[in-house]
Amino acid sequence: RVQVMESGGGSVQTGGSLRLSCAVSGDTTSRYCMGWFRQGPGKEREGVATIFISPNGGETFYADAVKGRFTISRDSLKNTIFLQMDRLKPEDTAMYYCAADAHRSLPESCWVGLASPDFGSWGQGTQVTVSS
């Protein structure tokens with residue numbers, strides 16, 4: 001069973017930066033997908049960024065709302081992914097969740113996962129608040 005645990009988050013002013021981390025453990029395969037999702041007040045959960053984990057590297061995918069501001073990356077030695085969030089806006093305020101899915105063994109499935117976040121394993125979430 002795959003488990004994920006987020007850390008980071010907090011409160012910043014508009015234009016500030018935050019970095020989220022997510023450690024994965026358990027029965028992962030050599031090719032799988034991880035991602036960051038968020039749910040703002042009164043909104044549905046939405047995809048932020050996903051990364052396809054493979055021996056050859058990590059292909060990344062982003063939601064239009066965060067392109068150019070957020071960066072998803074990984075540390076393969078530590079089985080950890082990160083979400084660097086720059087130029088934050090009040091509309092980025094949300095609970096952020098890390099997710100992993102060992103069954104998404106193709107990069108295309110990681111891209112699809114942005115819009116269809118039915119991932120197998122989810123973290124508890126970490127709050128990000130951006131004030132104006």
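All values below were derived from every heavy atom in this structure, side-chain atoms included, with hydrogens, water molecules and symmetry-related copies excluded.
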K.L.:
Hey, is the main chain of A99 close enough, under 3.5 Å, to the side chain of S121 for a donor-acceptor pair?
P.N.:
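No; judged by distance alone, with no hydrogens or angles, the pair does not exist.
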
K.L.:
Give, for atom CD of E6 and atom CE of M95, the distance between the pair rounded to the nearest 0.5 Å.
P.N.:
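Going from the CD atom of E6 to the CE atom of M95 covers 9.0 Å.
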
K.L.:
Please report the interatomic distance OG(S21) to CE(M5), rounded to the nearest 0.5 Å.
P.N.:
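With rounding to 0.5 Å, OG (S21) is 12.5 Å from CE (M5).
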
K.L.:
To the nearest 0.5 angstrom, please state how far the SG atom of C33 sits from the CD1 atom of I53.
P.N.:
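C33 SG to I53 CD1: 8.0 Å, rounded to 0.5 Å.
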
K.L.:
Is it the case that atom CD in Q127 sees more than 12 heavy atoms from other parts of the structure closer than 6.0 Å?
P.N.:
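Correct, the count exceeds 12.
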
K.L.:
Looking at every non-hydrogen atom in both residues, tell me the closest pair between V66 and V48 and how far apart they are.
P.N.:
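Taking V66 first and V48 second, the nearest heavy atoms are CG2-O, 3.5 Å.
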
K.L.:
Nearest heavy-atom pair of P90 and S132: which atoms, and what distance?
P.N.:
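That closest heavy-atom pairing would be CG-CB, 4.0 Å.
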
K.L.:
Do any pairs count as a salt bridge (charged side-chain N to carboxylate O under 4.0 Å, His left out) and have a residue in residues 46-73, sequence neighbours left out, and if so which ones?
P.N.:
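For residues 46-73: R38-E46, D64-K67, R69-D92.
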
K.L.:
Among residues at least two apart in sequence or on other chains, which ones pass side-chain contact (heavy atoms from CB on, under 4.5 Å) with P55?
P.N.:
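By the side-chain contact (heavy atoms from CB on, under 4.5 Å) rule, P55 matches S30, R31.
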
K.L.:
Run the side chain to side chain contact (heavy atoms under 4.5 Å, CB included) test on K89 and R87 for me, step by step, so that the C-alpha distance in whole Å, both residues' side-chain angles and the decisive distance to 0.1 Å come before the verdict.
P.N.:
CA-CA 7 Å; K89 305 175 181 180; R87 304 202 305 276; over 6 Å; no

K.L.:
Drop me the distance from W36's CH2 to L83's CG, to the nearest 0.5 angstrom.
P.N.:
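Going from the CH2 atom of W36 to the CG atom of L83 covers 6.5 Å.
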
K.L.:
Is there a donor-acceptor contact under 3.5 Å from the side chain of Y62 to the main chain of I72?
P.N.:
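A pair under 3.5 Å: yes.
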
K.L.:
If a pair satisfies salt bridge (charged side-chain N to carboxylate O under 4.0 Å, His left out) and one of its residues is in residues 73-84, list it, with sequence neighbours excluded.
P.N.:
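Matches after skipping sequence neighbours: none remain.
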
K.L.:
Supply the atom-to-atom distance L18 CG to F70 CZ, rounded to the nearest 0.5 angstrom.
P.N.:
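The CZ atom of F70 is 9.0 Å from CG of L18, to the nearest 0.5 Å.
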
K.L.:
For E108, what residues pass the side-chain contact (heavy atoms from CB on, under 4.5 Å) criterion, not counting sequence neighbours?
P.N.:
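Partners of E108 by the side-chain contact (heavy atoms from CB on, under 4.5 Å) criterion, ordered by chain and then number, come out as L106.
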
K.L.:
Taking side-chain contact (heavy atoms from CB on, under 4.5 Å) as the criterion, tell me which of V4, T126, L20 meets it with C98.
P.N.:
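Output: one option passes, namely V4.
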
K.L.:
CZ/R19 to CG/D86 distance, rounded to the nearest 0.5 angstrom?
P.N.:
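Taking CZ in R19 and CG in D86, the distance rounds to 11.0 Å.
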
K.L.:
Got a sec, which residues hit ring-ring contact (aromatic ring centres under 6.0 Å, His included) with F37, two or more places apart in sequence or on another chain?
P.N.:
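By the ring-ring contact (aromatic ring centres under 6.0 Å, His included) rule, F37 matches F119, W122.
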
K.L.:
My understanding is that only residues two or more places apart in sequence, or in another chain, count here; which of them pass side-chain hydrogen bond (donor to acceptor under 3.5 Å, both in side chains) with D118?
P.N.:
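D118 satisfies side-chain hydrogen bond (donor to acceptor under 3.5 Å, both in side chains) with R104 only.
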
